[in-house]
Structures are given as C-alpha cells and as structure tokens.
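We number each residue from 1, following the sequence as shown.
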Amino acid sequence: MPKSKKTTPAINLTEPQYYINRELSWLEFNNRVLHEACDPRTPLLERLKFLGIFCSNLDEFFMVRVAGLKQQVEAKVTQLTPDGRTPQQQLQDIRLHLSPQVKKQNEEFEQVLRPLLAENGIYILDYIELNQKQRNYLDNYFEDQIFPVLTPLAVDPSHPFPYISNLSLNLAVVVKNPDTEEEFFARVKVPKVLPRFLPLPPELGIQHQGKPAHWTGVPLEQAIAHNLESLFPGMNIQEYHPFRITRDADLELEEDEADDLLLAIEQELRKRRMGGTPVRLEIQSQTPETVRSRLLQDLELTENDAYEVDGLLGLRDLMYFMSLPLPELKDPPRQSVVPPRLQRIRESSVNAEGLEVEEGKDFFAVIREKDLLVHHPYQSFSATVVRFITHAAHDPNVLAIKMTLYRTSGDSPIVNALIAAAENGKQVSVLVELKARFDEENNIYWARRLERVGVHVVYGLVGLKTHSKIVMVVRREKDRMRRYVHIGTGNYNQKTARLYTDLGLLSCREELGADLTDVFNFLTGYSRQKSYREIMVAPVNMRDRFLELIRREIDNAQNGFSGRIVAKMNALVDPQIIATLYEASRAGVQIDLIIRGICCLRPGLKDISENIRVISIIGRFLEHSRIYYFYNNGQEEIYIGSADWMRRNLDRRVEVITPIKDQDIAKDLQEILGIMLADNRQAWELQPDGSYIQRRPCEDCPEANSQKILMSMALRTVGMS
C-alpha cells in the first residue's frame, strides 16, 4: 500500500548556497589522490605514483581550467557560477585551497617518502651527498651525455628573455664577470630528452643490507647545476635556482570557420607546442627576491601565479621509479580474466583461402545467445572488445564495421583490426574525434593512417565533440542481415583499459542495432533524428530523458510509493540535474551517488538534500564507468554509457546511454553498485561544506575494498587469462 501523498513547501533550489564550486570540488578530488600518496597502507612505489598523478593532474588543471579563468578575467567576464563566484574570485579561492596541498605534497616526498625509499634500497640523493668517486662518474657523464645537449641562453639588452616551453624544468643562473664584477642573468633548460633521474652504476651505489642498493642516483638538474662552469667558462657562477612554468595549452578553434578541420587542428597543435600564455611559475622557496621578481616580470605573471616548493620541482617525473623491478613495493599484479561464456571460443585458424575461421563456437554465436556485459579491467579488454572487432575484421560474413574513436592507444590493435577489415574489402566507417583534448595529435595520425587504406573517416559535427563509445558490426547470416553492437563507458584504448574501470554491453538486439544505425547516420550525414527506440543520445534526447526518469521517482514518492536512485559517474556539475535531484530528495526519494571527481551538489542539507548521500572511490584503478539505476516503483531500470551529468556531456557532446534489458546483467550491475556503496577502505563521504571524510572500517568490521572485491569475484569465476 502506498503511503500518504507528500507535499513540500516551495524553495528556490537555484540559490548559490546549494552548490559547490566546480574548480574547488576538483581540487578536493586531487587532494584525495594526494591522500593515497600519504596513506601508509598504500605500497611505497604506488605512493610515489600517486604523487606523480597529483602533480600531473595539477599541470592539466592549470593548462586548461586556470588558463580559462584568467582569460575570462582579462575579457572582463562578470557572469557568476551557480555557486555565485566571479572568475577572479575563483582564481583567488583556487590559490587559497591549493597552496597547502602543494606544501603537503612536497613535505610528504622530502620528509616521509625519501627516507622510506632509502630504507628500502632506493637512494634519491642530492649532489652534495655524493662522495668523490660518485661525483667523478657524474661529471664525466655530464661531459659525455649532457653537455652536448645543453644550450645556455643569456638574458640582457641584446638577448631578450628566451621562450620557455610549457612544463619545462629550467635553471635561472646568475654569473659574474670576474674582470668587471658585472652580473648577468642566464637560463639553462633541463632537457626532456634525458632521464630526469640519473642512476649511478651498481658498483658506485650505496651499500644496502650488505649489497648494492636497488637504485642510487641524483636528479638531472643537480648534475647540470654542479657543472655550470662548463657552460659559462671564464665566468664565476654566483647562484642557480630551478624553476618550472605552465602555459595555457587549450586549443582555440573556430570550427565553423575552418574549411579543413584536420588542417585547422594541426595548426593549433603547432601553436600549443610553442605554448600559450604562462599561467603558473613554480620555484623553490629559497629563491631570492631578485630572481623571483625577474622571472615574474619577464613571464608577465603576478605573485598570485607563483607557487613555492620546498624540494624538487615537477614531481610527476617520480613515475620513473615504477619501472624498478621491485614487486614487493607495488600493488599485486593486475589479473584480468576472460568471461566464462567467451572461454568457449577456441583460437582461430586460417583456412585455404586465407580467411580466419573459428574451430569452435564463434564470437557472434555467443552474443546471439544473450547480451554480454564486460567489466574492465577485471575482465580482459583484449579478450572481449579487441577480440570482437578483430573477429569482425576477418569474418567473411561481416560486411561493414562502424565505430567511434575518442582516445586510443599509440599502438592500437583496434585500429590495426579496422585497417585489416578495410583491406579485406569490408565497408569501414570510423568517426575520429580530433578534438579529444591532449590526444589530438595521436588521433590525427590514426585518421590519416585509416584514410590511406580506404576507411571512410569522418570528424564529427561542428560544435560537438563525439564522446560516445559505440561499435556496430553488420553481418550477413543466412537470408538476413544482423547488427552486433558494443556500447561502452570507456575509450577504445588497450592501455587505459588496464587502469580504468569501465563497462561495455555486447548485444545483437534489433532495437539497439537500429538505434546505432540512426546514431551513425546522425554523425556522418544530415540526419535530424529526434527520437530513438531505446537509447538516450546527447544532445538530442538525453537531458530530457534523465529529467523524466528523476521526476518519475519524484511522482512515485509524492504518491506514497518508494523512490530510489543510484548513480555512478565521474562528475556531477549540471545545475538543472542537481536542482531536480534536490526536488527528488525533498519528495522523499532515497539517492546514492558514487562520483569519482567533481560534485557540485551539496548532500545532507536540511530540507534540501537530506536524502542524498555522495561518495567518491579513489583507488588503484581510476573509476570511470557510468551506471544509472532507477527503482521505478519496483519495475527497476538500469543504464550504462559514456555520459556524466555535466552540461558538456548533455549539451555539447554526442553521447550514448543504453538501457540494460537482460535481467541477469541488471542484477550484476546492481551488485557492483552495492559493493561500491559498502566500500569502507577507498570510499570518501562528501560533507555539506564540500569537504570529504574517508571511511574507515568500524572496530571488529572487516575491510571492504570494492576494487579488491570485484577483482576477487572475477578471478573466482574463471581461470586467469
């Protein structure tokens, strides 16, 4: 029986106090990444990795988000964010929140991790700590390997301040002419073509527990700094100070004015390599005011753009140490499995005509039996998605393959399969998204390579990025054509599939095949499709459909029935979606959100969001899958796909979300959501003020690490692949 109908007094749910600032929420996400580096439960080299990720994330944040805010300030933009901040206020708040995080990162490395590394036989030394034999070795190495690469650049009236490339590490050097006592300023770039950390040979390394240490060495910039006399012969080296700059690196592209999108993006990439406006200067805290002021002035930056560091700059380079063969200091090896149903497929063979054939049940027969859900990295990407496309490329009954490529790996087996398909005479159409940020150059390379073999390559729609993850294979079977599809949450990238958690649905249901046919026509032609049989497509119907699903839960709750929403995504930013979730909470709908990164919704506000809970899971794998569950008064509906609840996903990108019709798969997805909601190891709970508190197991309660649990579940089902 339904409960009595519930009504709520009217409140303006668009008021700024109900929203968290997007940029500050992102900084909170990166702070959770930093916590993994500081958590003693994390293996030692993984802690270094998380420091590197924290730094790398910040670089991109400055190159894109901070750069964009500075442009808005320069353009005198006064529009307020949903939380009521101007661009200038956001820049001020970013610095306020970020400064202690940067300090924490460097203190963790210098005071905690560096000593711990030494305890475990990894000695990252300063040059002044070296003995004479070690110095002699590095000095000789400098003369042979480093000195020929260096180019010292003077800065004086006849030598203007040199261009300094984005993310480059440099030395600001002050030298004195011993005859005239005149001082000069110079810049030396630390070359990226050389390793950032220089190892000493084992025989010169520190002895650790009676044998040579695993690694002994120094940062490259210190080897350069202590040999500056070679670069400035006859001059006295007065001082040197490392610094690093970040530049605006977002592409400025007027698509509707570009006759050739490929050429236009190539031209913009050349500009990016030259670098845009400087947006950040990183310097060591002991840098004297004279050098600091000189750098800020020449780079046209202000004091608010300078970030002081106590120790090494550019800690993203700590990723180098993950290559050390020390498994005891890392996470256990990643173990992916082949889904049980696909294990029945035997390895293919080649017949007399040179065609690849299956000796047992073929891949398509497995999909015809029923839909198949794949969950990466717990289940092998190579044995599922790559295998699907590769089989299609070589199957003589396959006539056409269509797919979207947003980001793919440098040595992509999927692209190779598409090339093979074209060479085998199949009709192959690929939408390559040239505007995938920081992957533009890679995508241009693949687009050209595909075009050379006759693949029909398109670059999407003006004003829209194509972010959907879809494949369609058209196969002749007896007297009919059948369409096989893959709809995923993650990129077709074999490398990131090992690190990101993602989902994919393999199906040959007629409705999905017909829908994807319409989507590809929308992408490649002049289709103005406004409705689809099952899927949601942005920017066509997705926003309206999600709002309908949320409002259906509101109606059910207001009519005395239970309302329930569980949603997992990367980011929740869209104000309209947030306001509607607030309405749902006020109506009594119980809402659980699993949001890895940015969340602009404030949970737990009295009379606003008391029924909303938000967690973020930060762990070994980057949570990337999107799952949307609606109770629907017992007629449960669940969806997966490529879109987050952000304006860009709903309004400015081509995205695809598919319903899950198979009840067994729906139950599997609900189980995944349940495991994540119960996580007490890697889950963080969002507080009403925008801060996060990490869950800890209660006394006498076992640790529930969702990623470990999901990995164990996968391994229990089948043997390892």
Notebook entry, point to check: Given the rule in the side-chain contact (heavy atoms from CB on, under 4.5 Å) test, do Glu534 and Leu512 qualify, once you have shown the distances and angles that lead to the verdict?
Noted result: CA-CA 7 Å; Glu534 291 191 353; Leu512 286 183; 3.7 Å; yes
Margin query: Using side-chain contact (heavy atoms from CB on, under 4.5 Å), reason through Glu636 and Gln670 one step at a time and then give a plain yes or no.
Written below: CA-CA 10 Å; Glu636 298 161 301; Gln670 290 181 48; 3.5 Å; yes
Next item on the list: Kindly determine whether Asn30 and Phe61 satisfy side-chain contact (heavy atoms from CB on, under 4.5 Å), including the steps that lead there.
Entry: CA-CA 10 Å; Asn30 210 32; Phe61 180 72; over 6 Å; no
Next item on the list: Go through the steps for Phe363 and Leu506 under the test side-chain contact (heavy atoms from CB on, under 4.5 Å), then give the verdict.
Entry: CA-CA 11 Å; Phe363 200 104; Leu506 287 158; 4.2 Å; yes
Next item on the list: For salt bridge (Lys or Arg N to Asp or Glu O under 4.0 Å), just list the numbers for Glu623 and Lys568, CA-CA rounded to whole Å, side-chain angles, deciding distance to a tenth of an Å, and then say yes or no.
Entry: CA-CA 9 Å; Glu623 289 295 336; Lys568 178 183 184 295; 3.0 Å; yes
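A donor-acceptor distance shorter than 3.5 angstrom exists from the side chain of Asp515 to the backbone of Ile535, with no hydrogens or angles considered. In terms of modelled atom types and a separation under 3.5 Å, the side chain of Thr246 and the main chain of Asp59 share no donor-acceptor contact. In this structure, the side chain of Ser56 does not engage the main chain of Gly52 through any donor-acceptor pair within 3.5 Å. Side chain of Glu671 to backbone of Lys667: no donor-acceptor contact under 3.5 angstrom is found. A distance-only check finds no donor-acceptor pair linking the side chain of Asp331 to the backbone of Arg620 [under 3.5 Å]. With Gln707 contributing its side chain and Phe621 its backbone, the two residues share a donor-acceptor pair below 3.5 Å. Between the side chain of Lys426 and the main chain of Asp395, a donor-acceptor pair closer than 3.5 Å is present. Proximity of a side-chain donor or acceptor of Lys465 to a complementary backbone N or O of Val654 within less than 3.5 Å is not detected.
For the residue pair Lys469/Asn491, the side-chain donor-acceptor check at 3.5 Å is satisfied. Looking only at atom types and distance, the side chain of Asp502 has no donor-acceptor partner in the side chain of His376 under 3.5 Å away. Side-chain atoms of Gln682 and Glu36 include no donor-acceptor pair closer than 3.5 Å. At a cut-off of 3.5 Å, with distance as the only test, a side-chain donor of Ser336 or Arg334 sits close to an acceptor on the other residue. A donor-acceptor contact closer than 3.5 angstrom is absent between the side chains of Tyr639 and Arg626. For Ser165 and Lys189, the side-chain atoms include at least one donor-acceptor pair closer than 3.5 Å.
Distance CG/Leu516 to CE/Met403: 12.0 Å, rounded to 0.5 Å. From Tyr378, atom OH reaches atom CG of Leu715 across 11.0 Å, with rounding to the nearest 0.5 Å. Rounding to the nearest 0.5 angstrom, the gap separating the CZ atom in Arg247 from the OG atom in Ser168 is 8.0 Å. Annotation: the span from Thr658 atom OG1 to Leu505 atom CG amounts to 5.5 Å, rounded to 0.5 Å. Expressed to the nearest 0.5 Å, how far CZ of Arg647 lies from CZ of Arg22 amounts to 10.5 Å. The CD1 atom of Ile470 lies 8.5 Å from the CG atom of Leu431; values are rounded to the nearest 0.5 Å.
Under the 30°/60° scheme for interplanar angles, the aromatic rings of Tyr406 and His467 are found to stand perpendicular.
For the pair Asn493/Ser412, no side-chain contact is recorded, criterion being any heavy-atom separation below 4.5 Å from C-beta on. Residues His624 and Asn570 have side chains in contact (heavy-atom distance under 4.5 Å, counting atoms from C-beta outward). Residues Ile550 and Phe630 form a side-chain contact, since some pair of their non-hydrogen atoms from C-beta on lies under 4.5 Å apart. Using a 4.5 Å cut-off on side-chain heavy atoms (C-beta onward), Leu650 and Ile577 make contact. At least one side-chain heavy atom of Arg196 sits under 4.5 Å from a side-chain heavy atom of Leu169. Put simply, the side chain of His486 reaches to within 4.5 Å of the side chain of Val385, judged on heavy atoms. For the pair Arg316/Leu167, a side-chain contact is recorded, criterion being any heavy-atom separation below 4.5 Å from C-beta on. Proximity of Lys530 to Asn541: side-chain heavy atoms (C-beta onward) are nowhere separated by under 4.5 Å.
A side chain to side chain contact (heavy atoms under 4.5 Å, CB included) with Met569 is found for exactly one of Asp644, Thr489, Asn649, Ile598, namely Asp644.
Between Arg480 and Glu477 there is no salt bridge, since no side-chain nitrogen of the basic residue lies less than 4.0 Å from a carboxylate oxygen of the acidic one. Between Asp371 and Lys661 no salt bridge is recorded (no basic side-chain N to carboxylate O distance below 4.0 Å). A salt bridge links Glu46 with Lys49: the closest approach of a Lys/Arg side-chain nitrogen to an acidic carboxylate oxygen falls below 4.0 angstrom.
For the ring pair (Phe, Tyr, Trp, His ring centres under 6.0 Å) test, no residue two or more places apart in sequence or in another chain qualifies with Tyr629. The side chain to side chain donor-acceptor pair (under 3.5 Å) search around Ser468 returns none, not counting sequence neighbours. Remark: Arg596 engages no residue in a salt bridge (charged side-chain N to carboxylate O under 4.0 Å, His left out) (not counting sequence neighbours). Thr517 meets the side chain to side chain contact (heavy atoms under 4.5 Å, CB included) test with Met472, Arg483, Asn521; sequence neighbours excluded. Applying the salt bridge (charged side-chain N to carboxylate O under 4.0 Å, His left out) criterion to Lys192, with sequence neighbours excluded, gives no partner residue. Partners of Arg476 according to the side chain to side chain donor-acceptor pair (under 3.5 Å) rule, which considers only residues two or more places apart in sequence or in another chain, do not exist here.
Here the closest heavy-atom approach between residue Val398 and residue Phe364 is recorded as CG2-CZ, 4.0 Å. Taking each heavy atom of Ile389 and Ala417 in turn, the nearest pair found is CG2-CB, 4.0 Å. Between Val428 and Ala422, the shortest heavy-atom contact is CG2-N, 3.7 Å. When all heavy atoms of Ile638 and Ala666 are compared, the pair lying nearest together is CG2-CB, 3.8 Å. When every heavy atom of Ser382 is checked against every heavy atom of Val386, the shortest pair comes out as O-CB, 3.5 Å. The shortest heavy-atom contact between Gly513 and Val485 is CA-CG1, 4.0 Å.
Applying the 6.0 Å contact sphere to NZ of Lys330 captures more than 12 heavy atoms from other residues, nucleotides or ligands. Heavy-atom neighbours of Tyr500 OH from other residues, nucleotides or ligands within 6.0 Å: at or below the threshold of 12.
Side-chain rings of Phe546 and Tyr628 approach one another, their centers coming within less than 6.0 Å.
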